[in-house]
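This one's a predicted model, so the numbers in the text were calculated from it and none came from an experiment.
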Amino acid sequence: MSKEYNVAILGATGAVGRRMIDQLAKSTIPVKSVKLLASSRSAGTHLKFRNQDLVVEETTPDSFNGIDLVLSSAGGSVSKKFLPEAVKRGAVCVDNTSAFRMDEDVPLVVPEVNPEALKNHHGIIANPNCSTIQMVMALEPVRRKFGLKQIIVSTYQAASGAGQAAIDELKKESQDYLDGKNMQEDAKILPTKGDKKHYPLAFNLLPQIDVLEDSGYSHEEWKMIHETKKIMLNDMNSKDIKVTATCVRVPVPIAHGESVYFTVEDESATAQDIMDVIADFPGDVLQDDIKYQIYPQPINAEGSRDTFVGRIRPDYENPGAFNMWVVSDNLLKGAAWNTVENAEYLVKMGLI
C-alpha cells in the first residue's frame, strides 16, 4: 500500500489558498488528512476538501506536528516565520511566496521545466513568480531545441495578482466609471498596497507591479529577470541568457498575458519549428491560427492549468528572433496548481 500524507495548507482562506484546496483534491497525491491554517482573523472559517467540512485553524509552530507536506501561500513574512518550524518537525514545504525564491539552498521549480532541482531541497521548495512561470513554460521547449540568447518580455498582468481585494477594487472602480463617479476614491491597493500613491486600474494601465527600485526597474521586473535565470540555468546572475522585462497591471480580473520577444542560437529555426516544439511540450497549448483569428485570451484561460501560446512569428529584421503571445491563469498554473504539481513530483520522485 502506498504511503498517505498528512497535508497542511497555510493561507487556506486566500484566493490562492482556496484554489490549493481544490487542486489538492484533484491531484494524484495520496492524502490521509488535511489541516487548513490561516491567521487568527480567519480561524473558524469552514471550507470543504472533497466531501469533508474542515474548520480553519490559527497557525502556530505546533500546527505542523505530524504534518508531512505543507502547501503555503500566506505572504512572505508568514512563510519565513512558520516554514522553518514545519521543516524542524519533519515536513516538506512548497511555498508560493517570494520569501525563499532567491535563496541558493532553495530550489525554484516549475515541474515541467526543471524537476531535477527538487532533488536538492532541504525541506523547502519555492514556487516562482506567476509571470515567470508562464514565460518559462512557453520558452523551455524552445531553449532545449534551439538554444536561447535573449528574452524581452512585456507583461499584461491581471488584478488578481494583487489578491482578491484588487479584483474587488477593479469591479468597484469600473462601476463608478460607468456611473460617472470619481474612481480615485476607490484606489487603495494598486499599483502596490505598501507604496505612497494609489491609482485606479479600471479603464487604465499601471506600469508598476511591486515597488520601484533605484535601478528604475520594479521588483516584479527584477524577479522575472533573475528567476528565469535560476530556473533555466541554475544561476540567478548568469549572463548566458539576457533577460529584461516591463511589467504592467491591466484591468483584467484573472489570467496574465505576456508579449515575449526572444532570440535563439539556431538561426535556422522557423516559426513552424517553434510552434511544433511548444505544441509537444507538456502543459503548453498552442493556439495559433491567424486564418481563423485563433490566439490565447485571458477570458478563455481562466480556470485552466495550461499555458496557452500563440501569435508566433519571426522578426524579419533579425534572423533567429521571434515574437509570441503567452496567457495563463495566474492563480492556477501561476500559483495554486504549480504548488500542488511540485508536491505531486515530490511524491512521484520519492523526495518526501
Side-chain angles (χ1 to χ4, degrees), residues 76 79 95-114 117 120 125-144 146-158 161-162 191-192 194-195 205-250 256-265 278 284 307 309 315 318 320-328 330 333-335 338 342:
S79 290
D95 183 42
N96 184 54
T97 76
S98 61
F100 301 101
R101 287 176 187 159
M102 292 296 102
D103 188 322
E104 289 184 1
D105 293 327
V106 176
L108 183 68
V109 184
V110 178
E112 297 87 346
V113 176
N114 62 330
N120 301 319
I125 294 93
N127 229 30
N129 189 40
C130 48
S131 50
T132 305
I133 289 174
Q134 69 186 67
M135 186 176 76
V136 299
M137 280 291 297
L139 287 175
E140 178 62 11
V142 177
R143 185 188 74 85
R144 292 181 187 180
F146 306 109
L148 267 179
K149 293 166 63 177
Q150 185 173 24
I151 304 166
I152 302 171
V153 59
S154 297
T155 71
Y156 302 71
Q157 293 180 229
T192 183
D195 220 336
L205 301 171
L206 297 173
Q208 178 191 351
I209 300 178
D210 213 323
V211 295
L212 293 170
E213 299 179 341
D214 291 341
S215 64
Y217 283 77
S218 71
H219 193 55
E220 185 84 355
E221 293 158 353
W222 184 94
K223 285 185 282 189
M224 288 200 74
I225 293 166
H226 295 285
E227 288 181 16
T228 299
K229 296 181 179 198
K230 183 175 180 181
I231 295 164
M232 287 185 164
L233 304 170
N234 198 31
D235 179 359
M236 63 177 281
N237 295 309
S238 174
K239 302 298 182 186
D240 291 344
I241 300 176
K242 297 177 181 178
V243 186
T244 192
T246 300
C247 294
V248 181
R249 189 76 71 190
V250 300
H256 294 344
E258 295 176 351
S259 174
V260 184
Y261 179 90
F262 60 98
T263 307
V264 298
E265 292 173 354
I278 289 171
D284 283 351
T307 299
V309 189
D315 176 357
N318 291 294
F322 298 86
N323 294 278
M324 67 165 67
W325 173 245
V326 184
V327 172
S328 190
N330 57 296
K333 182 53 185 170
N338 200 75
N342 268 321

* Under the side-chain hydrogen bond (donor to acceptor under 3.5 Å, both in side chains) rule, what do Glu220 and Asn129 come out as? Steps first, then yes or no, please. => CA-CA 8 Å; Glu220 185 84 355; Asn129 189 40; 2.7 Å; yes

* Stepwise, does the side-chain hydrogen bond (donor to acceptor under 3.5 Å, both in side chains) test hold for Ser328 with Gln134? -> CA-CA 6 Å; Ser328 190; Gln134 69 186 67; 4.6 Å; no

* To do: Just do the side-chain contact (heavy atoms from CB on, under 4.5 Å) check on Thr192 and His219 with the steps written out, would you?
  => CA-CA 11 Å; Thr192 183; His219 193 55; over 6 Å; no

* List the steps and the verdict of side-chain contact (heavy atoms from CB on, under 4.5 Å) for Thr263 and Asn318. => CA-CA 9 Å; Thr263 307; Asn318 291 294; over 6 Å; no

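A distance of 7.5 Å separates CG in Leu148 from CD in Glu265, rounded to the nearest 0.5 Å. Here CZ of Arg143 is found 11.5 Å from OG1 of Thr228. Values are rounded to the nearest 0.5 Å. Note that CD of Gln157 is 11.5 Å distant from CG of Leu206, once rounded to the nearest 0.5 Å. The CG atom of Asn114 lies 8.0 Å from the CG atom of Asn234; values are rounded to the nearest 0.5 Å. The line from NZ of Lys229 to OG1 of Thr132 is 12.5 Å long, rounded to the nearest 0.5 Å. Rounded to the nearest 0.5 Å, atoms CG (Asp235) and NE2 (His226) are 10.5 Å apart.
Side chain of Ser218 to backbone of Val211: no donor-acceptor contact under 3.5 angstrom is found. A donor-acceptor pair is defined here as one N or O able to donate and one able to accept, closer than 3.5 Å; such a pair exists between the side chain of Thr97 and the backbone of Ala99.
Summarising the geometry of Asn96 relative to Ala335, their closest heavy-atom pair is ND2-CB, 3.5 Å, with the distance given to 0.1 Å. Heavy-atom minimum distance, Val264 versus Phe322: CG2-CE1, 4.0 Å. Smallest separation of non-hydrogen atoms from Asp210 and Lys223: OD2-NZ, 3.3 Å. Smallest separation of non-hydrogen atoms from Asp105 and Pro107: O-CD, 3.8 Å. The two residues His256 and Cys130 make their nearest non-hydrogen contact at NE2-SG, 3.2 Å. Considering all non-hydrogen atoms of both residues, Phe100 and Val106 come closest at O-CB, 3.5 Å.
No more than 12 heavy atoms of other residues, nucleotides or ligands lie within 6.0 Å of OH in Tyr217, so this atom counts as exposed by the packing criterion.
Contact check for Glu140 versus Glu112: no side-chain heavy atoms found under the 4.5 Å cut-off. Residues Leu108 and Met236 have side chains not in contact (no heavy-atom distance under 4.5 Å, counting atoms from C-beta outward). The side-chain heavy atoms of Met324 and Leu139, taken from C-beta on, include a pair separated by under 4.5 Å.
Taking the six-membered ring where tryptophan is involved, the planes of Trp325 and Tyr156 are perpendicular, since the angle between them exceeds 60° and thus also 30°.
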